[in-house]
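Data first, discussion second: the structure below is written as structure tokens.
Whatever order the structure lists them in is the order used to number ligands and atoms, beginning at 1. All values below were derived from every heavy atom in this structure, side-chain atoms included, with hydrogens, water molecules and symmetry-related copies excluded.
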Amino acid sequence: MDLRPDLTLDDVTLVYPDGDSTLTAVDHVSLTVPAGTTTALLGPSGSGKSSLLAVAAALTRPTSGQVRLGDEVVNSPTTSPAAATLVRLRRIGIVFQQPQLIGSLTALEQLEVMAHLRGERPRARRARALELLDAVGLGASAHARPATLSGGQRQRVAIARALMNSPEVLLVDEPTSALDHERGTQVVELLTSLTREAGLATVIVSHDEATLASVDTRARLAEGRLADAVAA
Ligand SMILES: Nc1ncnc2c1ncn2[C@@H]1O[C@H](COP(=O)(O)OP(=O)(O)OP(=O)(O)O)[C@@H](O)[C@H]1O
């Protein structure tokens, strides 16, 4: 296993403007996700889970505090948009609630597009894409288009795509919300085993505690604050 950095949030606060006043969506959250482990981020609707994920993903700058990979600060109130884009492209894989696949492309092509954007050579990117599709159990569906895949299979393509740029961090927003219990559990198990194998620091936002038996840690948000982070 490669030695990958831990993901650390140091005292992160995110305040949105809200009419004449402000709304504190994330309130002084500190959290470390060690490399090779998965943390589930739980909490009621509006507790700040998506906002925290957006800061961890360098999609949104924190109002105060910082995000680190190892010792390196990758998102802070002064991070430039260009630096944040590079961090997202090179170091962070994101899986959204909906897989957001391109209808006209095969599973293999969805992955290859990612590597193409990074300027990887065609042969290398095809080999890596096939390896990842195999890893998510879709080796036999490499040439299938999204319409012919099930919801669980589409989510697996999105996971493989997020890993195409060999990220250090994997951030996953409600991956099981469109899946039944069994398929949801399988997707979380896949995420935790890929995380261990690749030494990733993974955060899964979830409403669905029943699918989370395989995660290492559960962190709970309430009104933007971290209520607890316990070993699962
Ligand atoms: N872009 C925004 N501008 C202003 N307020 C926002 C914005 N995004 C979220 N909020 C507010 O911040 C708070 C936290 O929202 P957030 O979406 O992070 O919570 P959540 O736990 O992910 O909820 P859900 O489970 O419903 O997605 C909520 O009060 C929400 O209304």
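With hydrogens and angles left out, the side-chain atoms of Arg128 and Ser166 include a donor and acceptor closer than 3.5 Å. A donor-acceptor contact closer than 3.5 angstrom links the side chains of Asp10 and Gln66.
Proximity to His207 (heavy-atom distance under 4.0 Å) selects the following atoms of ligand 1: 25 (O). In summary, the atoms of ligand 1 found under 4.0 Å from a heavy atom of Leu23, numbered by their order in the structure, are 11 (C), 12 (O), 13 (C), 29 (O). Close approach to Lys49 involves these atoms of ligand 1, each under 4.0 Å from a residue heavy atom: 18 (O), 19 (O), 20 (P), 21 (O), 22 (O), 23 (O), 25 (O). Taking a cut-off of under 4.0 Å to the non-hydrogen atoms of Pro44, the atoms of ligand 1 that pass are 21 (O).
Hydrophobic clustering (side-chain heavy atoms under 4.5 Å, transitive across Ile, Leu, Val, Met, Phe, Trp, Tyr) groups Val203 together with Leu59. Under a hydrophobic clustering in which Ile, Leu, Val, Met, Phe, Trp and Tyr are joined whenever their side-chain heavy atoms come within less than 4.5 Å, directly or via other members, Phe96 and Val87 fall into the same cluster.
Glu168 has no carboxylate O lying under 4.0 Å from a charged side-chain N of Arg4, or vice versa, which leaves the two without a salt bridge.
You'll find the side chain of Glu109 reaches within 4.5 Å of the side chain of Arg145, heavy atoms only. Here the side chains of Val55 and Leu9 are not in contact, with every heavy-atom distance at 4.5 Å or above.
Nearest to atom 19 (O) of ligand 1 among the protein's heavy atoms is Gly48 N, 3.1 Å. Nearest to atom 18 (O) of ligand 1 among the protein's heavy atoms is Ser51 OG, 2.6 Å. The nearest protein atom to atom 5 (N) of ligand 1, hydrogens excluded, is given as Tyr16 CD1, 3.3 Å; this is a heavy-atom distance.
There is a protein heavy atom closer than 4.0 angstrom to atom 13 (C) of ligand 1. For atom 1 (N) of ligand 1, a protein heavy-atom neighbour is found at a distance under 4.0 Å.
The shortest heavy-atom distance from Asp18 to ligand 1 is not under 4.0 Å. Remark: distances from the non-hydrogen atoms of Gly224 to ligand 1 are all 4.0 Å or more.
For atom 27 (O) of ligand 1, the nearest non-hydrogen atom from the set Ser45, Ser206, Ser50, Pro17 comes from Ser50.
Shown here are the side chain to side chain donor-acceptor pair (under 3.5 Å) partners of Thr39, two or more places apart in sequence or in another chain: there are none.
Listed by first then second residue, pairs satisfying side chain to side chain donor-acceptor pair (under 3.5 Å) with a partner in residues 51-63 read Tyr16-Ser51, not counting sequence neighbours.
Checked by distance only, ligand 1 and Gly46 come closer than 3.5 Å through their nitrogen or oxygen atoms.
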